[in-house]
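Fair warning: this is a prediction, and the values are worked out from it, not measured in the lab. Along the sequence shown, residues carry numbers from 1.
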Amino acid sequence: MRATVIHGPNDIRIEDVPDPVIQYPTDVVLRVVNACICGSDLWAYRGVAQRVAGQRIGHEFLGVVEEVGAEVRGFAKGDFVVAPFVWSDGVCDFCLEGLQTSCPHGGFWGQVGSDGGQGEAVRVPFADGTLVKLPKEAAGDEKLLPGLLALSDVMSTGHHAAVSARVRPGATVAVVGDGAVGLCGVLAAHRLGAGRIIALGRHTARTELARRFGATDVVAERGEAAVEAVKELTGGQGAHAVLEAVGTEESMRTAVSIARDGGAVGYVGVPHGGSAGVDIGQMFGRNVSLNGGVAPARAYIPELLPDVLSGAIEPGLVFDRTVGLDGVPDGYRAMDDRSALKVRIAF
């Protein structure tokens, strides 16, 4: 089979790799139908996050089951499924509590020794605890596929930010970051009934999509100017809920500063730059809560799936470019230089 492999900074290649096979009776092998490039993949592409030369990459995909291990009970050959970005056994204490990202037997697609999602096929460990079944007819629905693909990571992660920030009906919400996760955070906040949503971003195409997803206001400033702009929009109080979807020191500092006293920050941006943006003294004095982390997508997909299938939400609109497998290296370049928001890979 062919798959995406990273060899170093700015060095993404499509190479022949061994076909996946059933290794354990709880495995299945999937033929990948759709995958995509994540903003977090860019940290490895830029050399910020280290990878072993020749390592697979990609963690968001839809697929059709081709082979089934002897102990798999929930899936059969031909089933159409979505894979969350972490595999999990489904039976440990953490999985039963809905925190599959802490499963002691879990792992991330593309880690050393595992298949990455940006390839023609994937071996899925613990299939019963990991995969979510989709309607078979959806596999051929080009209008629906992008939204289903978004459930594997960005929509679930945006939802995690909203839940962590305690978004509630009528609340004022601010979203820091106009990437795919931030935009899905806007959509998640709107879905949960937020009364006002302030999107912080300066890229017009992205902020226009934010408005389509439910943003009522856009703040293009950064740093202290952004804090002042949000305060002005909220009568000096700030937002009840702030969704942080970047992961830098500046973005975290902004998020904490624009939270209303007694409010909460839901952080889901992969941290890069340490925790210097978190001023515990400021948070203590103003009773600002900080929640979030890696999104347990497996816990959220069943809740979000009906709204995607019905068209109530369309998170697939974050995909603004589609490529074949050979176009993946160009897709990375396009996302790196911001000429593309999020690239979908169709097989």
Side-chain angles (χ1 to χ4, degrees), residues 22-28 30 38-41 43 49 56-63 65 68-69 71-75 79 81-117 122-134 148-167 181 184-185 188 192 241 243-245 247 264-272 275 278 289-306:
I22 299 291
Q23 296 182 16
Y24 301 96
T26 52
D27 293 347
V28 303
L30 296 182
C38 184
S40 62
D41 292 331
W43 295 116
R56 307 284 184 83
I57 196 167
H59 54 261
E60 303 157 279
F61 55 96
L62 307 173
V65 176
V68 182
E71 295 181 11
V72 174
R73 298 290 177 261
F75 300 94
D79 284 344
V81 298
V82 57
F85 63 87
V86 171
W87 72 75
S88 52
D89 64 20
V91 297
C92 72
D93 288 346
F94 290 109
C95 286
L96 295 176
E97 293 168 4
L99 192 64
Q100 290 88 345
T101 50
S102 291
C103 176
H105 301 118
F108 289 81
W109 310 110
Q111 69 184 45
V112 175
S114 73
D115 296 322
V122 176
R123 179 183 72 88
V124 178
F126 303 109
D128 285 330
T130 300
L131 300 173
V132 177
K133 192 178 297 186
L134 303 172
L148 297 173
L149 180 59
L151 292 175
S152 65
D153 186 345
V154 288
M155 185 60 213
S156 295
T157 298
H159 180 70
H160 186 52
V163 171
S164 298
R166 305 197 301 260
V167 174
V181 169
C184 286
L192 293 173
L243 283 55
E244 192 284 318
V265 174
Y267 71 101
V268 295
V270 179
H272 288 86
S275 58
V278 179
S289 300
L290 181 64
N291 307 291
V294 185
R298 180 61 183 81
Y300 294 137
I301 291 173
E303 175 185 348
L304 298 170
L305 176 58

Next on the checklist: With a 4.5 Å cut-off on side-chain heavy atoms, are P296 and H160 touching?
Outcome noted: yes
Item to check | Nearest heavy-atom neighbours spanning G98 and A299 | outcome: O-CB, 3.6 Å
Checklist outcome for this item: Residues at least two apart in sequence or cross-chain that pass side chain to side chain contact (heavy atoms under 4.5 Å, CB included) with A241, listed by chain then number, are A165, V167, V173
Next on the checklist: Has D115 got a side-chain atom pairing as donor or acceptor with V122's backbone, closer than 3.5 angstrom?
Outcome noted: no
Checklist entry - Is any side-chain heavy atom of P84 closer than 4.5 Å to a side-chain heavy atom of I301? => result yes
Checklist entry - Under the side-chain hydrogen bond (donor to acceptor under 3.5 Å, both in side chains) rule, what pairs show up with a residue in residues 95-112, not counting sequence neighbours? => result D89-H105
Next on the checklist: If you compare all heavy atoms of C95 against all heavy atoms of G90, which two are closest, and at what distance to 0.1 Å?
Outcome noted: SG-N, 3.3 Å
Checklist entry - Could you state the interatomic distance from CZ (R298) to CG (L99), rounded to the nearest 0.5 Å? => result 13.5 Å
Item to check | Considering all heavy atoms, the nearest S164-G292 contact | outcome: OG-CA, 3.5 Å
Checklist entry - Just wondering, do L62 and V81 contact through their side chains at under 4.5 Å, heavy atoms? => result no
Checklist entry - Are side-chain heavy atoms of S289 and R166 found at a separation under 4.5 Å? => result yes
Next on the checklist: Going by side-chain contact (heavy atoms from CB on, under 4.5 Å), H59 matches just one of S114, S152, S40. Which one?
Outcome noted: S40
Item to check | Worked check of side-chain contact (heavy atoms from CB on, under 4.5 Å) between L131 and L30 | outcome: CA-CA 11 Å; L131 300 173; L30 296 182; 4.3 Å; yes
Checklist entry - Is there side-chain contact between V72 and P25, with at least one heavy-atom pair below 4.5 Å? => result no
Checklist entry - Do V86 and T130 have side chains that get closer than 4.5 Å, going by heavy atoms? => result no
Next on the checklist: For C184 versus V154, what's the shortest heavy-atom pair and its separation?
Outcome noted: CB-O, 3.4 Å
Checklist entry - Where do L305 and L148 land on the side-chain contact (heavy atoms from CB on, under 4.5 Å) test, with the steps shown first? => result CA-CA 7 Å; L305 176 58; L148 297 173; 3.6 Å; yes
Checklist entry - Considering only heavy atoms from C-beta outward, does the side chain of V268 approach that of E244 to under 4.5 Å? => result no
Checklist entry - Can you tell me how far CZ of F85 sits from SG of C38, rounded to the nearest 0.5 angstrom? => result 8.5 Å
Next on the checklist: Determine whether a donor-acceptor pair (N or O, by modelled atom type, separation under 3.5 Å) exists between the side chain of D79 and the backbone of F75.
Outcome noted: no
Checklist entry - What do the steps show when you test Y300 against L151 for side-chain contact (heavy atoms from CB on, under 4.5 Å), and what is the final call? => result CA-CA 8 Å; Y300 294 137; L151 292 175; over 6 Å; no
Next on the checklist: To the nearest 0.5 Å, what is the distance between OH on Y267 and CG on L290?
Outcome noted: 5.5 Å
Checklist entry - Are any non-hydrogen side-chain atoms of D27 and V124 less than 4.5 angstrom apart? => result no
Next on the checklist: Would the distance check show the side chain of D153 and the main-chain N or O of E60 forming a donor-acceptor pair, the cut-off being under 3.5 Å?
Outcome noted: no
Item to check | Closest approach of V28 to A127 (non-hydrogen atoms, all atoms of both residues) | outcome: CG1-CB, 3.5 Å
Item to check | Side chain K133, main chain V82, donor-acceptor under 3.5 Å | outcome: no
